[in-house]
2 protein chains.
Amino acid sequence: MAHKLKIVYCTQCRWLFRASWMTQELLTTFEQELDEVALAPGSGGTFDVILNEKTIFSRSEEGRFPESKELKQLVRDQIAPHRDLGHSDR
Amino acid sequence: MAHKLKIVYCTQCRWLFRASWMTQELLTTFEQELDEVALAPGSGGTFDVILNEKTIFSRSEEGRFPESKELKQLVRDQIAPHRDLGHSDR
């Protein structure tokens, strides 16, 4: 199955660089599993992480940003449940 | 029309960071016009830039990487032909 992740970020808040960093973290960890990670300009304080059309983290719902480790665990649980993430699992 | 850009990069060559930089350049310049820019892991020395399913730059064909300015002009010509890119047009 093709796994597509998308991060929608608020341009006015200048979260492109944060979103871009997360993209690099995820593509480094899941380069075999992810077919693509897309960055999509948004507005209104949005920082949503969407995996295969399903939102796995939303800043507006959580009231905070996701940590890199947390996002890796959320993605792993969906696309590579048996994968040990090493220090990102402790 | 929704404009989608994708950069396919060779993971073994470690071109993620170059592709990520280009993504930031393009999303900064075309944040109104581009709906998303995706990074897609590839292999075999690939560095392809695909706009709306059409390849606009291929490292294997050109024998070199695209410059940031060049890529912005190629994208502009397709999605915002009347747009002046300022110093990226000189």
Side-chain angles (χ1 to χ4, degrees), chain A residues 1-59 68 71-72 75-76 78-80 83 85 88, chain B residues 1-59 68 71-72 75-76 78-80 83 85 88:
Chain A
M1 183 192 168
H3 293 300
K4 297 193 177 197
L5 193 132
K6 179 155 77 168
I7 301 178
V8 186
Y9 66 95
C10 172
T11 55
Q12 212 176 356
C13 315
R14 303 188 190 279
W15 291 340
L16 167 59
F17 308 102
R18 178 188 286 267
S20 187
W21 162 52
M22 282 295 175
T23 298
Q24 294 183 16
E25 289 277 355
L26 292 168
L27 281 171
T28 302
T29 300
F30 301 106
E31 77 176 20
Q32 303 294 324
E33 291 92 352
L34 286 172
D35 291 83
E36 64 172 57
V37 176
L39 291 172
S43 59
T46 303
F47 195 91
D48 287 352
V49 183
I50 300 157
L51 179 60
N52 299 330
E53 319 271 308
K54 186 184 151 205
T55 302
I56 60 170
F57 192 98
S58 169
R59 184 182 173 276
S68 155
L71 221 44
K72 287 181 182 178
V75 170
R76 185 268 319 273
Q78 297 293 322
I79 71 176
R83 173 96 167 269
L85 292 175
S88 282
Chain B
M1 184 193 165
H3 293 301
K4 297 193 177 197
L5 192 133
K6 179 155 77 169
I7 301 178
V8 186
Y9 65 94
C10 172
T11 56
Q12 212 176 352
C13 315
R14 302 187 192 278
W15 291 340
L16 168 59
F17 308 103
R18 179 188 286 266
S20 188
W21 162 52
M22 284 295 176
T23 298
Q24 294 183 14
E25 290 277 357
L26 292 168
L27 281 171
T28 301
T29 300
F30 302 105
E31 78 175 19
Q32 303 296 324
E33 293 90 353
L34 286 172
D35 290 84
E36 64 171 57
V37 176
L39 292 171
S43 58
T46 302
F47 195 91
D48 287 351
V49 183
I50 300 158
L51 179 61
N52 299 330
E53 318 272 306
K54 185 184 150 203
T55 302
I56 59 171
F57 193 98
S58 170
R59 184 181 173 276
S68 155
L71 220 44
K72 287 181 184 179
V75 171
R76 186 268 318 274
Q78 298 292 323
I79 71 176
R83 173 94 168 272
L85 292 175
S88 282

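In what follows, chains are A, B, ... by sequence order, proteins preceding strands, each numbered from 1. Bear in mind the structure is a predicted one, so any value in this text is a computation, not a measurement. Side chains are part of it too, since the values below use all heavy atoms of this structure and drop only hydrogens, waters and symmetry mates.
The line from CD of B/Gln24 to OG1 of A/Thr23 is 9.0 Å long, rounded to the nearest 0.5 Å. Distance OG1/A/Thr28 to CZ/B/Arg14: 9.5 Å, rounded to 0.5 Å.
Proximity to chain A is limited to the backbone of B/Leu34, based on heavy atoms less than 4.5 angstrom apart. Using a 4.5 Å cut-off between heavy atoms, B/Leu16 contacts chain A through its side chain alone, with no backbone atom that close. The part of B/Tyr9 that comes within reach of chain A is its side chain, from C-beta onward, which places non-hydrogen atoms under 4.5 angstrom from that chain. Only the side chain of B/Lys6 comes within less than 4.5 Å of a heavy atom in chain A; its backbone stays farther off.
Counting only heavy atoms from C-beta outward, the side chains of B/Gln12 and A/Glu31 never approach each other to under 4.5 Å. Contact check for A/Leu27 versus B/Pro41: side-chain heavy atoms found under the 4.5 Å cut-off.
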